[in-house]
Amino acid sequence: MEFAALAERAERVAAHDGDIETTLEVADLLANAGDGGADRGAGDDLPVVVRFLLGRVFPAHDTRTLDVGPALCREAVARAAGPNVDAADVEDRLAERGEIGAVAAAYDLGGQQGLAAFGSGRDALTVAAVDEELRDLAAVSGDGSESRKRDALFGLFTRCSPSEAAFLARLVLGEMRLGVGEGTVRDGIAEAFLSPEPTPADGDDSEGDDDGPADGDDPELAAPDDAVAAVERALQVTNDYGRVAVRARDEGPAGLRAESLRVGRPVQAMLAQAGNATDAVDAFGEVAVETKFDGARVQIHYAPDGVEADDGAPDSDALGGEDAALGPRLYSRNMDDVTEALPEIDEYVADRVDVPVILDGEVVAVDDDGDPLPFQEVLRRFRRKHDIDRMREAVSLRLHAFDCLHADGDDLLDEPLRVRHDRLREVLPDAAADLTLAADADAIAAEERAALDAGHEGVMLKNPESAYTPGDRGRDWLKRKPDVETLDAVVVGAEWGEGRRAELFGTFLLAVRDEDGASDPAGRDADDRDADDLAPPGYVTVGKVATGITDEALADLTDRLEPLVVEETGTTVAFDPELVVEVGYEEIQTSPTYSAGYALRFPRFVGVREDKDVDDADSLARIRRFAGDD
Ligand code: AMP
């Protein structure tokens with residue numbers, strides 16, 4: 001395909017602003033872009049066209065980059081624009097127009113160089129040629145690489161028509177401005193190659209042969225959503241839009257289904273949403289609770305010697321050879337290759353794992369006792385290119401693996417988390433994070449307490465039945481929001497514990513000050529208590545806390561509170577309002593149960609506020625504010 005044709009089609013794509021029209025235009029470009037001319041639409045260039053539309057030369061899993069910054073691009077444009085133009089002129093125009101593509105187009109770069117104008121005489125640039133030149137440019141390294149890149153880019157610009165120059169400038173900077181995101185390209189691929197309807201096209205050429213074998217004849221793709229899901233799934237495992245487009249066109253749904261993970265080809269990390277214990281219990285029933293480690297995400301790919309590492313599928317962009325052994329490779333959350341920076345993790349994996357794997361985990365900096373250090377410490381190691389040995393001495397690392405995407409030839413993405421976790425424990429038991437199944441919020445709170453006590457960030461709450469969905473920030477992984485605020489409450493009552501703890505108070509009734517006395521009916525004197533919830537006058541109750549209290553703290557609280565008992569009924573006691581405690585909670589909700597009219601959800605004991613007396617405790621007005629009612 002001629003590069004000019006792609007640039008012109010891209011302008012047409014950008015001219016649409018509706019989601020559906022844009023998708024149809026993209027689909028038409030992928031399937032029929034040649035308009036019946038000599039080239040067969042995107043044809044052999046399909047993977048490149050797809051990547052270019054997304055502003056990429058390499059697929060997302062490929063760690064190569066062009067490494068062309070805005071300044072270098074401006075200089076190349078300036079040089080191609082002729083002797084009277086310098087980078088400062090380009091910068092001025094950029095300030096006016098705000099966008100490099102429009103600036104490059106306005107210079108008429110090809111003409112300035114005395115080369116034949118677009119379309120007459122010069123060798124037309126093809127998509128394949130531009131791709132090749134940009135790949136060569138990406139490979140330039142070492143001394144003088146910047147000027148060699150500038151020369152290469154200059155050479156390309158001098159061969160560009162205005163619309164090609166705009167496309168090229170945007171492409172090298174990865175800012176296509178076409179209104180085409182990954183979702184549009186995914187939908188466009190489905191529409192172009194899997195849609196039961198002929199792709200709507202402007203002309204009458206929509207029934208081209210390039211539509212592939214797939215059109216509508218797969219019973220599993222009854223609905224358009226199924227086609228999109230099939231493409232999405234293949235994208236998740238391959239992380240390569242170009243490759244998936246070709247598969248969809250040439251082999252249809254069956255080809256997409258045949259795509260699998262490959263050791264050495266990173267996939268996008270599954271992400272988490274914020275959530276709390278209540279959300280997790282409501283949504284999952286039983287909740288898989290793991291420590292949330294405060295480090296840096298790492299995806300580990302490893303194929304030990306002598307073990308087949310590959311699914312054998314053809315791919316010109318494959319990293320490593322087919323069937324090749326692959327030393328451990330470590331990828332960051334953005335799929336940058338960080339292997340060189342983390343040699344001890346590399347060695348750790350190589351020493352322990354003896355089957356091909358893809359693992360997901362977190363690398364944490366630890367002190368001499370093995371306790372976790374703050375996240376900033378791991379960053380001192382993560383992307384480092386120099387002084388690696390020295391830093392290895394200075395900052396020790398530990399790997400916590402929490403998921404297993406592939407083990408010994410089995411793709412596990414669709415297996416439930418509990419099964420993946422079992423495989424993880426098999427392949428790398430030393431580093432496998434603990435996974436605890438919890439059925440209620442109290443059990444989750446206990447895990448959280450333990451994680452925090454061990455110096456970690458909190459907990460992740462996961463659906464034990466869920467698949468691994470690369471790149472998805474879904475509801476199957478919840479990161480527990482830290483308590484936004486704590487509350488300083490007054491202990492106004494308690495219940496004696498049971499069994500082993502019968503000599504200690506177990507559950508504590510919490511109150512806040514009711515400054516305006518709205519809940520304090522006239523005529524009550526100091527000892528009158530609200531018969532239902534033991535709140536003394538001037539206080540309203542907001543909940544009970546029994547969680548997060550160690551045996552030691554319980555004994556201490558009992559010692560402090562026993563002298564304050566003013567009333568005892570059965571196992572329930574009321575106290576003079578004197579002791580202030582700090583409690584965490586997940587949220588405050590309205591509730592008829594307590595006299596404040598609000599209840600703390602999942603209150604958790606933090607500690608005694610020695611420094612506060614009851615007049616400093618929190619008030620009902622503050623509760624209202626927290627609850628969003630004020
Ligand atoms: P955040 O960075 O706050 O969005 O939290 C999500 C991140 O927590 C993930 O991307 C991981 O890097 C990290 N993390 C730590 N521990 C875990 C775990 N057990 N499971 C999943 N992610 C974890």
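Numbering of ligands and ligand atoms starts at 1, following listing order. Index from 1, following the sequence.
- Looking at Asp240, its side chain does come within 3.5 Å of a backbone N or O of Arg243 through a donor-acceptor pair.
- With Thr469 contributing its side chain and Asp472 its backbone, the two residues share no donor-acceptor pair below 3.5 Å.
- Under a 4.0 Å criterion applied to the non-hydrogen atoms of Trp477, ligand 1 contributes the atoms 21 (C).
- A donor-acceptor pair shorter than 3.5 Å cannot be found between the side chains of Arg473 and Gln273.
- The proximity of Thr291 to ligand 1, defined as any non-hydrogen pair under 4.0 Å, is limited to the backbone.
- Ranking protein heavy atoms by distance to atom 20 (N) of ligand 1, first place goes to Lys462 NZ, 2.8 Å.
- Nearest protein neighbour of atom 14 (N) of ligand 1, counting heavy atoms only, is Glu362 OE1, 3.6 Å.
- Distance from atom 22 (N) of ligand 1 to its nearest protein heavy atom, with residue and atom name: Phe402 CZ, 3.4 Å.
- Residue-ligand proximity: His400 is placed with every non-hydrogen atom at 4.0 Å or more from ligand 1.
- Counting non-hydrogen atoms of other residues, nucleotides and ligands closer than 6.0 Å to CG of Asp440 gives a total above 12.
- For atom 2 (O) of ligand 1, the closest non-hydrogen atom on the protein side is Arg333 NH1, 3.6 Å.
- When hydrogens are left out, the protein atom nearest atom 6 (C) of ligand 1 is Lys292 CE, 4.0 Å; that is the closest non-hydrogen contact.
- Nearest protein heavy-atom contact of atom 1 (P) of ligand 1 is Lys479 NZ, 3.3 Å.
- With respect to Leu413, the side chain to side chain contact (heavy atoms under 4.5 Å, CB included) criterion is satisfied by exactly one of His406, Arg233, Met270: Arg233.
- Annotation: ring-ring contact (aromatic ring centres under 6.0 Å, His included) contacts of Phe293 (sequence neighbours excluded): His400, His456.
- The distance from ligand 1 to the heavy atoms of Glu290 drops below 4.0 Å at these ligand atoms: 18 (C), 19 (N), 20 (N).
- Both the sub-6.0 Å distance and the 45° axial angle are satisfied by Arg352 relative to the ring of Tyr348.
- Looking at ligand 1, you won't find any N or O of Arg473 less than 3.5 Å from one of its N or O atoms.
- The side-chain heavy atoms of Leu171 and Leu134, taken from C-beta on, include a pair separated by under 4.5 Å.
- Note: an N/O pair closer than 3.5 Å links Phe293 and ligand 1 by distance alone.
- Nearest to atom 9 (C) of ligand 1 among the protein's heavy atoms is Arg297 NH1, 3.4 Å.
- Side-chain atoms of Asp67 and Thr65 include no donor-acceptor pair closer than 3.5 Å.
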